[in-house]
Amino acid sequence: QVQLVESGGGLVQTGGSLRLSCEASGHTSNPYAWGWFRQAPGKDRDFVASINWSGENTFYTNSVEGRFTISRDYAKNTVYLQMNSLKPEDTALYFCARRTFRPNMANVPSPSHYQYWGQGTQVTVSS
């Protein structure tokens, strides 16, 4: 069984930066890709970014393109989300997720395609 644990959330002012981490434990022999999602109070869980199995391809939702960067470290079995130029509308609970569906693709924004989820880390951006 795979478990995901996020860290790195916190309170930051508008224009600031945070780096989220998500470490996986447990073993899987299948190729997999990673994703980050976020959920604001009273709203649906929205796609933020994804990175494919090789790490060569990434995909972002329009609102974070150019400000956020997703990356992965195979040796540490960890995925990161570097968030720069943060805005109050980025405030949400951020989740990492992993999928074996189409692992060579990054353009997989639907939460339904991700099998494993972390518990989330809160990001709050003050104005």
Side-chain angles (χ1 to χ4, degrees):
Q1 185 71 12
V2 175
Q3 292 185 326
L4 307 180
V5 178
E6 302 98 335
S7 61
L11 173 64
V12 64
Q13 291 185 334
T14 296
S17 297
L18 284 174
R19 187 194 195 204
L20 305 184
S21 300
C22 175
E23 183 175 1
S25 61
H27 175 72
T28 175
S29 60
N30 296 325
Y32 54 87
W34 293 91
W36 283 98
F37 293 78
R38 63 187 180 186
Q39 189 168 18
K43 296 189 176 181
D44 293 334
R45 188 169 297 188
D46 293 329
F47 172 80
V48 176
S50 178
I51 187 167
N52 73 337
W53 164 244
S54 69
E56 294 178 347
N57 296 320
T58 58
F59 179 67
Y60 300 91
T61 191
N62 287 341
S63 63
V64 308
E65 184 82 51
R67 299 188 298 124
F68 291 11
T69 303
I70 187 172
S71 61
R72 60 184 298 174
D73 185 325
Y74 285 96
K76 296 181 179 180
N77 212 6
T78 299
V79 67
Y80 304 97
L81 186 67
Q82 177 67 43
M83 305 186 296
N84 299 328
S85 302
L86 282 162
K87 305 175 181 180
E89 51 264 44
D90 295 318
T91 294
L93 187 62
Y94 282 71
F95 299 89
C96 69
R98 220 164 81 168
R99 58 176 161 87
T100 55
F101 175 77
R102 296 182 178 177
N104 292 324
M105 292 182 62
N107 185 1
V108 182
S110 174
S112 65
H113 291 133
Y114 292 76
Q115 295 102 320
Y116 302 105
W117 292 83
Q119 294 300 307
T121 185
Q122 179 67 37
V123 172
T124 303
V125 184
S126 63
S127 57

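Between the OG atom of Ser21 and the OH atom of Tyr80 there is a distance of 5.5 Å, given to the nearest 0.5 Å. Distance check, rounded to the nearest 0.5 Å: CD1 of Ile70 to CH2 of Trp36 gives 8.0 Å. With rounding to the nearest 0.5 angstrom, the CD atom of Gln82 is 8.5 Å from the CG atom of Leu20. Once rounded to the nearest 0.5 Å, the distance linking CE of Met83 with CZ of Arg19 reads 11.5 Å. The CG atom of Asn77 sits 8.5 Å away from atom OG of Ser25, with the distance rounded to the nearest 0.5 Å.
Cation-pi check for Arg98 over Trp117 is not met; the charged atom does not lie both under 6.0 angstrom from the ring centroid and within 45 degrees of its normal.
The hydrophobic clustering, which links ILVMFWY residues whose side-chain heavy atoms are closer than 4.5 Å, places Trp34 and Val2 together. Hydrophobic clustering (side-chain heavy atoms under 4.5 Å, transitive across Ile, Leu, Val, Met, Phe, Trp, Tyr) keeps Val123 apart from Phe47. Follow the hydrophobic side-chain contacts under 4.5 Å out from Leu81 and you reach Tyr32 in the same cluster. Tracing side-chain contacts under 4.5 Å through hydrophobic residues (I, L, V, M, F, W, Y), one never reaches Leu18 starting from Leu93; they form parts of separate clusters.
Residues Ala40 and Ala92 approach most closely at N-CB, 3.9 Å, considering heavy atoms. Considering all non-hydrogen atoms of both residues, Ser50 and Arg99 come closest at OG-NH2, 3.0 Å. Here the closest heavy-atom approach between residue Gly9 and residue Thr121 is recorded as N-OG1, 3.1 Å. Listed here is the closest heavy atom pair of Ala33 and Pro103: CB-O, 3.8 Å. Residues Gln39 and Lys43 approach most closely at NE2-O, 3.0 Å, considering heavy atoms.
No donor-acceptor pair closer than 3.5 Å links the side chain of Ser127 to the backbone N or O of Pro88. Put simply, the side chain of Asn57 never gets that close to the backbone of Asn52: no donor and acceptor are under 3.5 Å apart. Asp44 places no side-chain N or O within donor-acceptor distance of the main-chain N or O of Asp46, the cut-off being under 3.5 Å. Distance alone, capped at 3.5 Å, places no donor-acceptor pair between the Glu23 side chain and the Thr78 backbone.
Residues Phe59 and Ile51 are not in side-chain contact: their nearest non-hydrogen atoms beyond the backbone lie 4.5 Å or more apart. Side-chain atoms of Phe68 and Asp90, non-hydrogen and from C-beta on, do get closer than 4.5 Å to each other.
The ring of Tyr114 has its center closer than 6.0 angstrom to the ring center of Phe37.
When only modelled atom types and interatomic distance are considered, Thr100 and Gln115 share a side-chain donor-acceptor pair under 3.5 Å. Side-chain atoms of Thr91 and Arg38 form no donor-acceptor pair, as typed in the model, at a separation below 3.5 Å.
Enclosure of atom CD in Glu89 by more than 12 non-hydrogen atoms of other residues, nucleotides or ligands within 6.0 angstrom is indicated. Within 6.0 Å of CD in Gln3 there are 12 or fewer heavy atoms belonging to other residues, nucleotides or ligands.
For residues 83-106, the pairs satisfying ring pair (Phe, Tyr, Trp, His ring centres under 6.0 Å) are Phe101-His113, with sequence neighbours left out. Sorted by first and then second residue, the disulfide (SG to SG under 2.5 Å) pairs with a member in residues 4-113 read Cys22-Cys96; sequence neighbours excluded.
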